[in-house]
Structure formats: C-alpha cells, structure tokens
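Here the structure is laid out as structure tokens; the discussion comes afterwards.
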Amino acid sequence: MEQAEVHNYLRRYFYAAGAELLHTRPPNLEVQLNKTLDLELMNRPFYWHYLEKTGGEPKPLKMNLSTDMHSETNEKIHFGSPRLHQIFSSAVEKGAVTRLYEQTYQKNQTPLYPWLGLNMRISYTCHRRRDDIRSFGVQLISGETIDHFMKRLSPLPLVPAIPDYTFTMANLIKPLSAVQRIKKYLLDDIRSQKHTWADEATKRMNADLQLLDRFYEAREEEDTDYDSEKEAIQHQYQPTIQLTFINGGLFYLSKERGTLF
Amino acid sequence: MYIDIHFSTDWEEKFKKALDDEGPWSSWEMYRLAYEAEKHKAVPSFDGLVATSHLPQLSLYDHQWETARRVVEDMNGKAILADEVGLGKTIEAGLVLKEYMIRGLVKKALILAPASLVNQWAQELNEKFNIPAVPQKKSYVWERCDVVVASMDAAKRSPHRDIVLEQPYDMIIIDEAHKLKNTKTKNYAFIKSLKKRFCLLLTATPVQNRIEELFHLVSILKPGHLGDEKSFKDQYKGDQSNEDIQALVQNVMVRNRRDNTNVNWTKRHVENNHVKMSDEERAMYDAVCNLKQTVQELHGFSLTTLQREACSSKEALGVTLSNMMKKGILSEEQATPVVQAMQAVKTNAKAEQVLKQLQASSEKTIIFTEYRATQLFLQWFLSQHKIRSVPFRGGFKRSKKDWMRMLFRDHAQVMIATEAGGEGLNLQFCHHMINYDLPWNPMRVEQRIGRIHRLGQKEDVHITNYAIDNTVEQRILNLLYDKIAMFEGVIGRLDDILERYSGQELEKYVEDALDSDTEGETRVKLHHLSELMNQENKGGGQDGTGRSS
C-alpha cells in the first residue's frame with residue numbers, strides 16, 4: 001500500500017465516518033473527530049466517563065496525521081502502523097452490513113431486483129498462510145450466483161433509500177438461506193480442489209513426527225515431554241481452511257441477471 | 001491428508017440482527033472501505049515476507065532479510081539463529097515474529113532473554129517492529145499480554161512457572177540460548193516442557209566446547225533431527241559422518257559471518273601492551289609457580305588459575321588462595337611463601353599502565369577482567385585517581401544493569417565488566433576496549449569484542465590487550481591469540497574448528513599445553529593448535545552451517 005493510497009483511504013474513511021476534514025493536502029491530513037470517533041479511536045475512557053458524570057460539554061479531539069515519514073508535527077502513519085490497522089478494524093466494524101438501492105434516473109416505474117452480496121476471506125493455514133478474498137452475489141428470486149460481485153457493483157450509483165420511480169421485487173429466497181447456499185457452494189468447491197499446500201504440510205508433519213518417535217524410542221527414561229512435543233508439531237503444520245465473512249448486505253439492482261452487469 | 005475447515009459465524013449474527021431490526025445499515029462508501037481494508041490486509045502468497053511492507057522505516061541488511069526468509073520458508077519457523085556477534089540476531093528474530101503475527105499464525109509469543117536485556121528487547125520490538133511487547137514485571141502479565149519478554153529466571157520460578165506452562169504460546173524466542181547446553185539443568189527441563197509451535201534459539205556460540213551442545217540445542221527445537229543422543233555420539237566419533245551432520249545442522253541453523261555480509265564494518269585496531277612487573281610482584285608470581293614443587297596434588301588447572309590471577313591482581317589471587325586453604329587443598333604452611341610475597345606487593349604495574357592510557361585520552365572505555373576481586377580493586381584504584389567508573393556483572397538485577405549502562409553512557413568514562421557481564425550488553429556508544437586479562441577460550445574473547453564492535457558502531461574500534469612479560473599471560477597472547485589473528489576479526493569459522501575437536505575441550509587443551517613440563521613443549525602444543533585453526537580458517541570449503549547469499 002503506497003503512502004498516497006494510505007492518504008486517500010484515510011480521507012475517505014474520515015469523511016464517511018462523519019469527521020470534519022480540516023486539512024487534506026498530502027502528506028498531511030487533519031480532522032476534527034466527532035464524539036463517536038473519539039470514543040472509538042482515541043482511547044480515553046476516563047475523559048468520557050468524567051464528562052458523563054459531570055455533564056460537561058464534550059470536546060472531541062483533532063487528529064493530525066501525516067504520510068510523510070519525516071513529519072515532526074503530525075502522527076506518522078503508514079501501512080504497518082497500528083493507527084492504520086485500528087482504522088481498518090473500525091471500517092470493517094462500521095461497514096459490516098448494508099442495504100442499498102441502485103439509482104436509475106428513469107422516469108417510468110422500474111423494478112429493482114434483490115441481490116445478496118457477500119464478501120469473504122478464505123485463509124489457507126498450515127505452518128504458512130495465504131488469504132483469498134472472494135466476493136459473491138446471489139439473486140434472491142432466481143438463485144443465480146455470480147462471482148466478483150464487488151467489481152460489478154463498483155460502477156453503479158448506490159443510495160441508501162429507495163429512489164423515486166422504482167419499486168423492489170419481493171425475494172423468493174431468504175437472505176440467510178442465500179448465505180447458507182454460498183457456504184455450501186464454497187465447501188463443495190474447496191473439497192473438489194487439489195490442495196498441494198496441505199499435502200506438503202502433512203508430509204513435513206509426518207516427517208517431524210517420525211523423527212520425534214525415534215528420538216524418544218531410544219531414550220530409556222520415562223519422558224513426559226513427548227505428548228506436548230507431538231501436539232506442538234501437529235499444531236505447527238495442521239492444514240486448516242478458515243472462512244470468514246467480511247461483510248455483506250442487500251442490493252436492489254435494475255439487473256435481473258449476472259450477464260446484464 | 002486431513003484439512004480442518006472452520007466457518008466463523010460472527011458476521012451472520014450481525015446480519016440476522018440487522019435484518020430483524022431493519023438496520024442500521026452502513027453507507028456504500030463505508031462498505032467499500034471495509035472490503036478494501038481486508039484486501040490490503042490479506043496475505044496474497046504462502047511465500048516471501050510481507051513484514052517488510054509493514055515496516056517501511058526499518059532498514060535491513062541483506063543477510064537479515066534472507067535469514068528471516070529462510071526461517072519462514074525453509075525451516076518452518078523453527079531455527080537456531082547463530083550469527084556471529086553483532087550482526088543483528090534480534091532484528092532477524094523480530095522480523096520472523098512480525099511475519100508470523102501479520103500472517104495470523106502467531107498471537108501469543110514469549111521471549112526469554114537475560115534479565116539485563118528484557119527492557120531492551122521490549123523496546124526494540126515496540127519501536128522497530130510495532131509489536132506491543134511487554135516486559136514481565138507483574139504476574140498477571142503472562143495471561144493478559146500477548147507478547148511478553150521475561151528473564152528465564154523469572155519464568156521458571158514458582159508461581160510463574162505453572163502459569164507460563166499453561167499459556168498457549170504460538171512462538172517462543174530464547175536469547176543467549178547457549179546457556180541451555182546442559183541437559184541436566186532446570187533451565188533445560190523448563191524449556192523442553194514448553195510447547196513450541198514456532199521457536200527461535202539465538203546464540204552467537206552454538207558450540208562453545210563440545211559438539212554435544214549443538215545436539216542439545218537442536219533437540220529443543222526438533223527432537224530427533226540429529227538422531228538420538230547415543231547414536232549421535234557414536235557417529236560423531238568417526239570423522240566420516242562429519243559432513244552428514246553439518247548438512248543436517250544446516251537445515252535448522254542459520255549462521256551469518258561478518259566476512260560474508262555486505263555490512264561495512266568499522267576497523268579493529270589492536271595493540272598489545274606488555275607490562276613489566278615490579279620486583280615484588282615478580283616474587284609473588286614466582287612463589288605461585290613454586291607451589292607446583294611443594295604441593296603434590298595441585299593439578300594443572302588450579303595452578304594456572306593461580307598464575308592467571310597473580311597476573312591480574314593480588315586481590316584476585318587472595319580470594320582463590322583463601323578458598324583453597326578453606327577446602328584443605330593448600331595447607332597454611334604451603335601457602336605461607338605466597339602470602340608473604342603478597343604482603344610485600346604495594347603496587348599493581350598493570351593497573352598503573354591502564355591508568356596512564358585512560359588519563360591520556362578522555363574516550364569512553366570498557367575494561368574486561370575475569371575476576372570480581374580485580375574489578376573491585378580497579379574501581380577503587382581508578383577512583384583514587386579521579387576517574388569515574390561503573391561496574392557491570394552478570395549477577396546484577398535487570399534494572400541495575402540498565403542503570404549502569406546509562407551511567408556509563410552519560411556520566412562515567414569507564415565501565416569495568418566481568419566475564420558474566422559480557423553477554424547481551426550493547427555498547428555501540430563506546431569504541432575503546434581494554435582486555436585487562438584474557439579468557440582462555442577464543443569464543444569468549446570474540447564475545448567481549450562484540451559488545452562494542454557490532455551493528456551501529458560508527459567508529460573504528462580500539463582494543464588494547466594487557467599481558468605481563470614472562471608469564472602465562474604473555475604465552476597465551478603470543479603463542480595462540482596473535483597467531484590466529486583473533487583480534488583482527490578474521491577468525492572466520494572458529495566454531496566449525498571447535499566442532500572438529502569432538503570431545504576435546506579447547507580450554508582444557510590450552511590448560512594442558514601451558515602445564516607442560518618444558519617451555520618448548522608448551523610452544524609446540526600451542527603452535528599446533530594455532531596451525532590447525534589457521535588451516536581450517538583458510539581452507540574452509542565445507543561451510544557446514546549456512547551463510548546468506
């Protein structure tokens with residue numbers, strides 16, 4: 001993540017979170033936080049507790065950030081800095097679920113079709129790890145499931161309230177059932193794949209376990225560490241696939257089918 | 001093959017609640033920001049290091065990056081980091097830890113370091129790596145903090161021990177791991193019983209005396225990797241298997257050497273200062289040597305110890321002498337000539353020369369001595385001449401060590417350290433070193449020099465060795481250290497050399513050589529040793545323990 005990207009991301013985040021942008025020219029970014037953001041990001045529970053008890057006027061802090069690593073006045077921020085990761089987590093928390101409508105600008109009544117959008121991270125873990133970010137969409141009447149849903153959504157104007165001259169079609173598939181469908185689809189997909197990484201990890205695990213056995217077989221005295229060492233080796237290599245939903249929501253779109261995007 | 005598959009259901013609960021309550025729904029922009037955050041955080045590949053992209057302010061040497069990569073990719077996160085002193089093992093370990101934390105493979109980690117280094121470790125992990133490491137001071141820290149730095153002594157002691165063994169650590173890092181060479185110790189048993197998913201052992205001297213030490217270290221990391229103990233010992237006796245073992249060791253150990261890293265090292269300037277004893281001191285030294293005739297059971301080791309102490313200070317000699325008398329090794333009658341000679345000694349020729357050197361420059365200087373009594377004497381002696389010095393010993397508490405280091409940096413001209421103080425002390429702000437007396441083991445000399453000649457040292461380093469003419473000291477300096485060009489920092493593969501003395505302890509060899517009946521014999525034996533070392537050094541070829549490319 002380049003510094004310009006970081007700057008851009010932060011500006012968008014603070015704007016979306018309702019902070020007042022005071023100064024946005026790179027490399028600096030200075031914002032006046034609101035109460036919610038102060039509570040969330042500034043870690044000063046005693047101040048807020050005190051305010052609550054005394055009924056004073058809340059004065060949320062300003063945040064002065066800089067993507068210039070030599071800045072002397074502002075808090076330096078870069079891809080690995082704890083501040084950026086705090087903001088990443090905050091965005092994930094705030095952006096977990098949504099319901100949006102496509103703005104169509106039509107003058108005659110237009111139907112909007114219900115879609116479930118679902119983004120997820122698939123982590124392949126053994127003694128190493130790789131992540132895959134996937135994005136699915138399920139049309140909630142036909143059940144059609146399409147991939148790369150976020151990418152397809154990105155050019156569309158999406159608004160939080162139903163636009164004029166549009167009406168929503170009722171769904172046949174419940175959103176939560178669609179979530180289950182995607183889960184099942186993913187499980188089938190995972191089971192049908194070849195996982196060379198897992199084979200490789202299992203091979204290494206078995207080799208280490210064999211060495212361990214030989215080591216302890218040759219020892220005469222009773223040894224209590226054997227079990228914990230065996231467990232540690234299994235823990236080190238055990239192939240695991242972790243599926244985590246990042247966010248998801250309902251999207252009412254003019255598109256009835258995936259091919260229309 | 002068996003793969004665990006987990007679904008986390010947190011999000012589904014949130015979604016269900018939002019559907020029931022008709023919101024609240026996030027804006028399109030925040031929804032996208034959340035998705036983008038996860039895209040940025042995702043680790044795209046099993047291979048490579050992602051940590052560096054998180055640490056733009058960290059400048060790494062090639063060998064450090066390459067070491068971390070090898071540990072993660074080739075060694076599955078279990079390795080001995082055995083770089084020569086001063087090449088930045090802490091940085092390498094920090095980088096590996098960071099990599100695993102970013103990949104979500106390590107959440108809880110324990111770093112065990114000598115007490116004097118606990119704060120420094122925590123500070124470096126925080127400042128250089130943004131890893132929220134906490135020095136263990138209160139017992140609740142074990143459970144509440146994810147990354148804890150502690151001393152081995154604190155961790156293995158009750159009530160901590162039981163709590164520590166309960167913690168589900170994903171990674172354990174042990175600094176100065178050569179202290180674990182003895183399997184009979186509590187430390188060894190404690191470390192063995194810790195669950196080690198990923199584990200790094202840091203030491204500049206994986207082998208100090210015997211190849212078995214390496215076997216024990218590897219057994220902590222990967223039991224069975226070098227076979228079982230008996231077959232290892234049997235095998236190692238035959239020289240043929242040497243290369244096999246080196247190849248195996250290469251799979252679990254990274255050892256970078258100064259001469260094959262692209263670090264621009266400052267120079268080492270070495271000067272040997274020959275000291276002439278006063279007549280009284282000479283009489284004392286001779287009286288010690290004469291003990292060999294009067295005391296039948298006095299074996300070489302004790303005699304050399306007394307001789308070396310006589311070269312250091314009469315205070316050091318006095319301590320050992322009275323201990324030997326208490327234990328009945330020496331009778332009062334036998335000791336009398338030495339004691340009388342000691343009483344006549346009023347000055348210390350070596351200390352006076354050191355004083356002259358210190359008075360001639362105002363440079364910060366660290367003085368190393370083997371003996372605590374000498375350390376105390378020197379501190380007193382220097383203070384008589386208005387030179388401020390601070391002591392440093394292994395036995396000091398962590399806070400005291402930090403304090404002494406700071407006093408030395410900010411206020412005192414001199415630090416006087418004993419051998420135990422040698423490890424893990426970083427003194428890049430000082431570039432003058434005095435070896436008031438010399439250890440018998442070349443590895444320990446290298447460790448001393450490493451205190452000041454390490455990464456971050458910007459000045460050339462000046463080392464002055466003091467040796468008294470016509471004594472054991474001069475012999476070891478001339479016959480061994482000068483020959484292997486110890487101090488010029490070109491010792492290269494000393495540890496490999498030591499490995500080839502399978503069983504034979506180097507220190508014992510030197511003792512034996514010095515204890516020979518004739519001077520000629522001593523000369524021949526030490527010459528033989530230095531030739532062997534030089535030969536290995538030049539010949540090289542089979543570098544058993546890996547280097548970065």
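Just so you know, these numbers use all the heavy atoms, side chains as well, and skip hydrogens, waters and symmetry mates. In what follows, chains carry the letters A, B, and so on, assigned in the order in which the sequence lines appear, proteins first and then strands, with residues in each chain numbered from 1.
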Worksheet item: Looking just at side-chain N and O atoms, do A:Q193 and A:D189 make a donor-acceptor pair shorter than 3.5 Å?
Response: yes

Item to complete: Would you check if there is a donor-acceptor pair between the side chains of A:D225 and B:S193 at a distance under 3.5 Å?
Response: no

Highest number of heavy-atom pairs under 4.5 Å with chain B: which of [options]?
| options | answer |
| --- | --- |
| A:R12, A:M1, A:R204, A:Q3 | A:R12 |
| A:I233, A:L176, A:T240 | A:T240 |
| A:D132, A:L153, A:I122, A:N206 | A:L153 |
| A:M150, A:R214, A:M69, A:Q234 | A:M150 |
| A:A232, A:G248, A:S228, A:G249 | A:G248 |
| A:Q238, A:R128, A:H78 | A:R128 |

Worksheet item: According to the interplanar angle, ranging from 0 to 90°, do the rings of B:H40 and A:F88 count as parallel (below 30°), tilted (30 to 60°) or perpendicular (above 60°)?
Response: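 It falls in the parallel class, under 30°.
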
Under a 4.5 Å heavy-atom cut-off, does chain B meet the side chain of [X], its backbone, both or neither?
| X | result |
| --- | --- |
| A:L209 | neither |
| A:A201 | neither |
| A:E5 | side chain |
| A:K203 | neither |
| A:L84 | neither |

Which of [options] touches chain A most, by non-hydrogen pairs under 4.5 Å:
| options | value |
| --- | --- |
| B:G77, B:S53, B:A18 | B:S53 |
| B:P24, B:P56, B:G104 | B:P56 |
| B:P223, B:S27, B:S8 | B:P223 |

Worksheet item: Considering heavy atoms only, which positions within residues 93-103 of chain A lie below 4.5 Å of chain B?
Response: A:E93, A:K94, A:G95, A:A96, A:V97, A:T98, A:R99, A:L100

Worksheet item: Given the rule in the side-chain hydrogen bond (donor to acceptor under 3.5 Å, both in side chains) test, do B:E12 and A:Q180 qualify, once you have shown the distances and angles that lead to the verdict?
Response: CA-CA 10 Å; B:E12 277 171 85; A:Q180 298 311 316; 3.0 Å; yes

Worksheet item: Partners of A:W197 by ring-ring contact (aromatic ring centres under 6.0 Å, His included), sequence neighbours excluded?
Response: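 For A:W197, the residues satisfying ring-ring contact (aromatic ring centres under 6.0 Å, His included) (neighbours in sequence not counted) are A:Y124, A:H195, B:F46.
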
Worksheet item: Are A:F136 and A:H148 close enough that their ring centers fall under 6.0 Å?
Response: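 Between A:F136 and A:H148, the centre distance exceeds or equals 6.0 Å.
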
Got a salt bridge between [X] and [Y], using NZ or NE/NH1/NH2 to carboxylate O under 4.0 Å?
| X | Y | result |
| --- | --- | --- |
| B:K107 | B:D170 | no |
| B:K192 | A:E229 | yes |
| B:R69 | B:E66 | yes |
| B:E13 | B:K16 | no |

Practice prompt. Start with the C-alpha gap between B:L95 and B:L55, add the side-chain angles, then the distance that decides, and say whether side chain to side chain contact (heavy atoms under 4.5 Å, CB included) holds.
Written response: CA-CA 9 Å; B:L95 194 57; B:L55 302 165; 4.1 Å; yes

Worksheet item: What do the steps show when you test B:Y35 against A:S135 for side-chain hydrogen bond (donor to acceptor under 3.5 Å, both in side chains), and what is the final call?
Response: CA-CA 9 Å; B:Y35 178 71; A:S135 177; 4.7 Å; no

